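Below: the structure, in structure tokens.
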Amino acid sequence: MNLVWHVSILVLYIGIFSEGASRPDVVNVGAIFTFSTINGKVSRIAMKAAEDDINSDPSILGGTKLSILMHDSNFSGFLGIIGALKYMETDTVAIIGPQNSVMAHVLSHLANELHVPLLSFTALDPTLSRLQYPYFVQTAPNDEFQMTAIAEMISYFRWGEIVAVYSDDDQSRNGITALGDKLAERRCKITYKAALPPDPTATQSDVKDQLVKVQMMEARVIVLHTYSKTGLLVFEEAQNLGMMDHGYVWIASTWLSTVLDSVSPLTSKTARSIQGVLTLRPHTPNSTRKSAFMSRWQKLSNNSIGFNPYGLYAYDTVWMIARAVDLLLDQHGTISFSNGSYLNHLGKGTLNLSALSIFDGGKQLLDNILRTNMTGLTGPIQFSPDRSPFHPSFDILNVIETGHRQIGYWSNYSGLSVVTPETLYTRPPNRSSSSQQLDSVVWPGGTTEKPRGWVFANNGRQLRIGVPNRVSYQDFVSRSRVNGTDTVQGYCIDVFLAAIKLLPYAVPYRFILFGDAHKNPSYSELVNMITTNVFDAVVGDIAIVPNRTKIVDFTQPYIESGLVVVAPVRKSNSSAWAFLRPFTPYMWAVTAAFFLIIGTVVWILEHRINDEFRGPPRKQIATILWFSFSTMFFAHRENTVSTLGRVVIIIWLFVVLIINSSYTASLTSILTVQQLSSPITGIDSLVTSNERIGFQVGSFAENYLMEELNIPKSRLVALGSPEEYAVALENRTVAAVVDEQPYIELFLSDHCKFKIRGQEFTKSGWGFAFPRDSPFALDLSTAILTLSENGELQRIHDKWLSRKSCGSQATTNESDELQLESFLGLFLICGAACFLALLIYSCLMLWQFRRHGIPEESDPSRGAGSHSARVRTFLSFADEKEEVYKSKSKRKREEMLSSSRVKEDESKRTQMDNSQQRHDCEISVH
């Protein structure tokens, strides 16, 4: 009974397994394309070739036939939807397509509900998110990568602004949005977007209207993101409008490379209209399989259309589906469909929606597709976690008269390069600017010189240049009237006009005065008017300060500027004690102390061996003082004998030489140069005081003093002219005036009784202001540097700002006293030498004392008295002349030697006497 039961179970299991493992005869895959387009034609041929290759390969699908059902949407979204619904009714496991992203957004909802994977290599809208559309898979790099490549090309050529021309549909519009994001990361931007009707509905009139608007823009770099029919129409119309000549830059997305690869020959009109254009082509590495397939293309296509990379993506997409289905069947999955409960209640009306069925193995098939890891005609195929291909890359092509040539590559791995991406993948990634390279380009108009990328807008409007209407310091900027016409002149204006002349293009402009002519205008307000589009630029004595650089771009500074302090000064009267002024009191005290220290150290080192440093205490003290201070004049008569003493003296004499030279130079300056003094020594003393401070109306000095130095506004006094400066300083209304260096130099040339105190406490310059990312600022900066190099900038400076100065009064006057800090290193070296010499000398003395100076007998019971006795003995030893202790030591050694000899003789005599006695005893016994 048990045996029968087990056999029954085994038979049932085998039956179930056989049923699960059985493979269907046919697997249906749908394809939705517009077969009259270039990519539609190429894809149809490639998919048919892949179908035949799969069905003829017994190692794939295990005998199951793959059937690709083609549906022509014919540019119609409605027909595309109908085709998708038809496939959903006929047990289709996957759909290749649609061709454009508009339909992909719609059909992805159907795919999500019916679990039918949707694979497309042409609907590359970057907004087709895997989270929103999990069953939609892009099998070619989406447009985000293409737009990154274009952005890096624009950054490589250093263009800051572009115009985007695109078809107003989901894929093109979202691609341009992605381009804008990538440009913003590189401080570039799209200044104008020209939207055309969706392809292929755009007409010549539509294109011309938009191109006329583009022609009026400043930017001359144009990115064209559309499809072949509209794209060629744009180039033909641009040729008619003269927009394919010198100065223009055209970058087309991958649609143009498909035209170049697949349409041959181009009409002469079309070929002329695309000369100098840059375009991208999806990069596919060379391989034997790819070469073999391309060699078959002529036969497969019947010479009806040329080959392009999207044919390879179509071929590989079919193989991806076939491998995923094969893996599904190997996993004992079933190709089965079921009607969802939410579909049944729709009934069997005219639309017959209840006929739609859900693919039961759709989720498993989708997972198999996403786990694809194979090598196809496009190279290694593998999806990253965000479903994008690993290391997407593009060829960069340049259209020339004879066709097109490759000028480099772009890869998501290493950016722009003239080396193939496959080679770069074997090296560490390098995105540095120096590694980014492209070959030379032939631009529109046939020139190889890189276009500037922008011109002044051709809309009849001149550059509006704001100029401060100053009422003081009019040497820099002033209003004048020539032949009944108001104009402006001054140093800043001449610099601007000289720079404009160096530009390789004409600049239409007009000056507009800003201010009421009663007081200097606010320069911060003037600069802000650039951001509100009141002015296109500001020219004048505009200081480059952080708050302004946040909202506008400045040119290279054409003059240095910084805030300085000006205060009234008085002459210093001569004094009987003027000779003490070169050194500060601390310097005098330390110098005197070192003279005494050096004398004492030398006396210690020389006392035991040099008779000139011996004698009565009074004489020795006099010797120390005389020797110390005589070294100041190198007049010491005592000779040094010891090595340590000579080392100390050499170092000290070097220090004395430096001190003497510095003292002489400082005293000479004090006695020969007119000395001026003021309680204000610089910005630090001015801030810590409670004195009032003057500043120029309209200057940034007011904000700087309040915000950076925290000076209360109540201490600040606004002054409008040099005359007001002078009156306020003379009347002590203000203790000092804070203003920019160029203004102060002009002020001091007419007012010699005032003087700059301290150093500049800010470092900046004057420049011309332009809107952020304005290319004009860069060109004008180059012109200013040229003016500086050829001497023209100095000539303009001399013309307007050269005045007779007040000699030494116009320079900063710092204290002539020499500080201790200036000589601290010398004193430290000298002190260290003295300390080491004394340390070595002390060690030698202790060693000599222990060897020769300690008394032979000492009574331990004396305790402290013995210790004091030893100290007295050591001091006596140290005071004793070295020759004396040497002679005593010699006598002591001789006495010890003679004593030892006497003891030895006595010992011998004792031994002889003892021997004689023993001998006498022995005789008496006998």
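The figures here come from the full heavy-atom set of this structure, side chains too, leaving out hydrogens, waters and symmetry mates. All figures in this text were calculated on a predicted structure; none of them were measured in a lab.
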Begin with the C-alpha distance, continue with both residues' side-chain angles, and end with the deciding distance and a verdict on ring pair (Phe, Tyr, Trp, His ring centres under 6.0 Å) for Phe700 and Tyr523. CA-CA 8 Å; Phe700 77 94; Tyr523 280 50; 9.6 Å; no
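- Under the 30°/60° scheme for interplanar angles, the aromatic rings of Tyr425 and Tyr413 are found to stand perpendicular.
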With side-chain contact (heavy atoms from CB on, under 4.5 Å) as the criterion, how do Asn547 and Glu707 come out once you've worked through the C-alpha distance, each side chain's angles and the decisive distance to 0.1 Å? CA-CA 12 Å; Asn547 286 342; Glu707 295 174 6; 4.2 Å; yes
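- Ion pairing between Asp536 and Arg464 holds under the 4.0 Å rule for side-chain N and carboxylate O.
- Under the 4.0 Å criterion applied to side-chain N and carboxylate O atoms, Lys189 and Asp773 are not assigned as salt-bridge partners.
- Under a 4.0 Å N-O distance rule, the pair Asp439/Arg405 does not qualify as a salt bridge.
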Does Tyr248 form a ring pair (Phe, Tyr, Trp, His ring centres under 6.0 Å) with Trp443? I'd like the steps, not just the answer. CA-CA 8 Å; Tyr248 281 92; Trp443 304 101; over 10 Å; no
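- No more than 12 heavy atoms of other residues, nucleotides or ligands lie within 6.0 Å of CD in Glu560, so this atom counts as exposed by the packing criterion.
- When side chains are defined from C-beta on, Leu438 counts as touching Tyr156, because their heavy atoms get closer than 4.5 Å.
- In this model, a donor atom of one side chain and an acceptor atom of the other lie less than 3.5 Å apart for Ser432 and Asn430.
- Aromatic pair His105/Tyr133: centroids less than 6.0 angstrom apart.
- Exactly one residue among Glu760, Glu740, Lys763 makes a side chain to side chain donor-acceptor pair (under 3.5 Å) with Ser561. That residue is Glu740.
- The aromatic rings of Phe476 and Trp766 sit perpendicular, their planes meeting at an angle over 60°, well past the 30° parallel limit.
- Between Phe768 and Phe496, the two ring planes are perpendicular [angle over 60°; tilted spans 30° to 60°].
- For Lys450, the NZ atom is densely surrounded, since the number of other residues' heavy atoms within 6.0 Å is greater than 12.
- Aromatic ring orientation, Phe761 versus Tyr704: tilted (interplanar angle from 30° to 60°).
- Remark: Arg431 engages Glu152 in a salt bridge, criterion side-chain N to carboxylate O under 4.0 Å.
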